[in-house]
Amino acid sequence: FGLRRMMSTSSVRSADMSFTFAAPNAVHYNAAVVRQVDVPSFSGAFGILPSHVPSLAVLKPGVVTVYEEDGTNKKFFVSSGSVTINDDSSVQILAEEAHKVEDLDINAAKEVLAEAQKALGAASSEVDKAEAQIAVEVGEALVAAAQ
């Protein structure tokens, strides 16, 4: 099997990457120029650079890392959402929930996970089991991000 090329060869591509990242609780970036964004997706974690091939992906619970122009990076926990990579090197992330990793409370994250595990153990219908399993996955990712 071959490696998949993730760079576009289009000649009209920008050297800059315009990045927008929003959730119901906040707009974290609005058309900001960044160097790179690393995202957790159901098809695997991947990094996005300028000239990345246009793509759509569904975010899984985990950490989005944004590498800013000044060399610093910021990390955000996302519960779910989508990422769109456009032909003009613009990138949009719309998250169901997004919080700065530095603001996470490990004890609160452990409580979320414990409650989700309790709900999974008590679930009787297939729908309840599926919803509780999703909550467990989010709780596990939240605990991992908070550590």
Side-chain angles (χ1 to χ4, degrees), residues 1-8 16-147:
F1 91 108
L3 294 175
R4 203 168 85 171
R5 183 179 168 98
M6 297 303 288
M7 297 284 289
S8 173
D16 290 331
M17 183 167 64
S18 173
F19 179 59
T20 300
F21 178 21
N25 63 310
V27 174
H28 299 286
Y29 291 87
N30 186 6
V33 175
V34 300
R35 289 186 182 178
Q36 178 177 338
V37 181
D38 293 345
V39 297
S41 82
F42 281 103
S43 57
F46 64 97
I48 305 165
L49 295 165
S51 300
H52 192 287
V53 66
S55 305
L56 293 172
V58 176
L59 297 175
K60 73 175 190 175
V63 175
V64 170
T65 304
V66 180
Y67 298 88
E68 298 184 346
E69 280 290 290
D70 65 4
T72 62
N73 68 61
K74 292 185 180 169
K75 295 178 183 251
F76 299 85
F77 173 78
V78 294
S79 61
S80 63
S82 64
V83 58
T84 304
I85 306 163
N86 301 295
D87 194 44
D88 64 357
S89 284
S90 65
V91 177
Q92 295 82 36
I93 292 179
L94 300 175
E96 189 74 25
E97 281 187 73
H99 302 279
K100 291 180 181 178
V101 167
E102 65 198 41
D103 294 341
L104 298 178
D105 178 331
I106 186 65
N107 293 321
K110 288 178 179 178
E111 285 180 34
V112 167
L113 178 56
E115 287 297 317
Q117 290 169 330
K118 182 178 173 183
L120 181 59
S124 55
S125 73
E126 290 303 312
V127 170
D128 289 346
K129 288 178 185 175
E131 288 175 351
Q133 183 59 46
I134 292 168
V136 167
E137 291 170 10
V138 171
E140 289 171 345
L142 186 59
V143 168
Q147 291 180 337

- Applying side chain to side chain contact (heavy atoms under 4.5 Å, CB included) to Thr20 and not counting sequence neighbours gives Asn30, Ala31, Gln92
- Output for pair (Leu94 CG, Thr84 OG1), nearest 0.5 Å, gives 6.5 Å
- Query: Can you name the residues that form a side chain to side chain contact (heavy atoms under 4.5 Å, CB included) with Val112, not counting sequence neighbours?
  - Reply: Leu142
- Message: Distance check, rounded to the nearest 0.5 Å: Ser18 atom OG versus Asp88 atom CG?
- Response: 7.5 Å
Donor-acceptor list for residues 125-140 side chains, cut-off 3.5 Å, not counting sequence neighbours:
unit_1: Ser125; atom_1: OG; unit_2: Asp128; atom_2: N; d: 3.0
unit_1: Ser125; atom_1: OG; unit_2: Asp128; atom_2: OD2; d: 3.3

- Item | salt bridge (charged side-chain N to carboxylate O under 4.0 Å, His left out) contacts touching residues 111-124 (sequence neighbours left out) | none
- How about Val34 and Tyr67: do any of their side-chain heavy atoms sit closer than 4.5 Å? no
- Query: Is the side chain of Ser55 donor-acceptor paired with the backbone N or O of Val53 at a distance under 3.5 Å, no angle test?
  - Reply: yes
- Item | Heavy-atom pair with the smallest gap, counting every atom of Phe77 and Ala141 | CE1-C, 3.6 Å
- Of all pairs that satisfy salt bridge (charged side-chain N to carboxylate O under 4.0 Å, His left out), the ones with a partner from residues 64-83, not counting sequence neighbours: Glu68-Lys74
- Heavy-atom closest pair (Pro50 atom, Arg35 atom, distance to 0.1 Å) is CD-O, 3.5 Å
- Message: Taking the side chain as everything from C-beta on, heavy atoms only, tell me whether Val83 gets closer than 4.5 Å to Ile48.
- Response: yes
- Query: Counting only N and O atoms by type, is there a donor-acceptor contact under 3.5 Å from the side chain of Asn25 to the main-chain atoms of Ala98?
  - Reply: yes
- Message: Is there a side-chain contact between Val143 and Ile106 in this structure, where contact means two heavy atoms from C-beta onward sitting under 4.5 Å apart?
- Response: yes
- Note on the structure: Shortest non-hydrogen pair, Pro40 vs Val78, comes out as CG-CG2, 4.3 Å
- Item | Which residues share a ring-ring contact (aromatic ring centres under 6.0 Å, His included) with Phe76, sequence neighbours left out | Phe21, His28
- Message: Minimum heavy-atom separation for Ser89 and Ser51, please, with both atom names.
- Response: OG-N, 3.0 Å
- Looking only at heavy atoms, which two atoms of Pro24 and Glu96 are closest? And how far apart? CD-O, 3.3 Å
- Message: Evaluate Tyr29 against Val37 for side-chain contact (heavy atoms from CB on, under 4.5 Å), listing each step before the verdict.
- Response: CA-CA 12 Å; Tyr29 291 87; Val37 181; over 6 Å; no
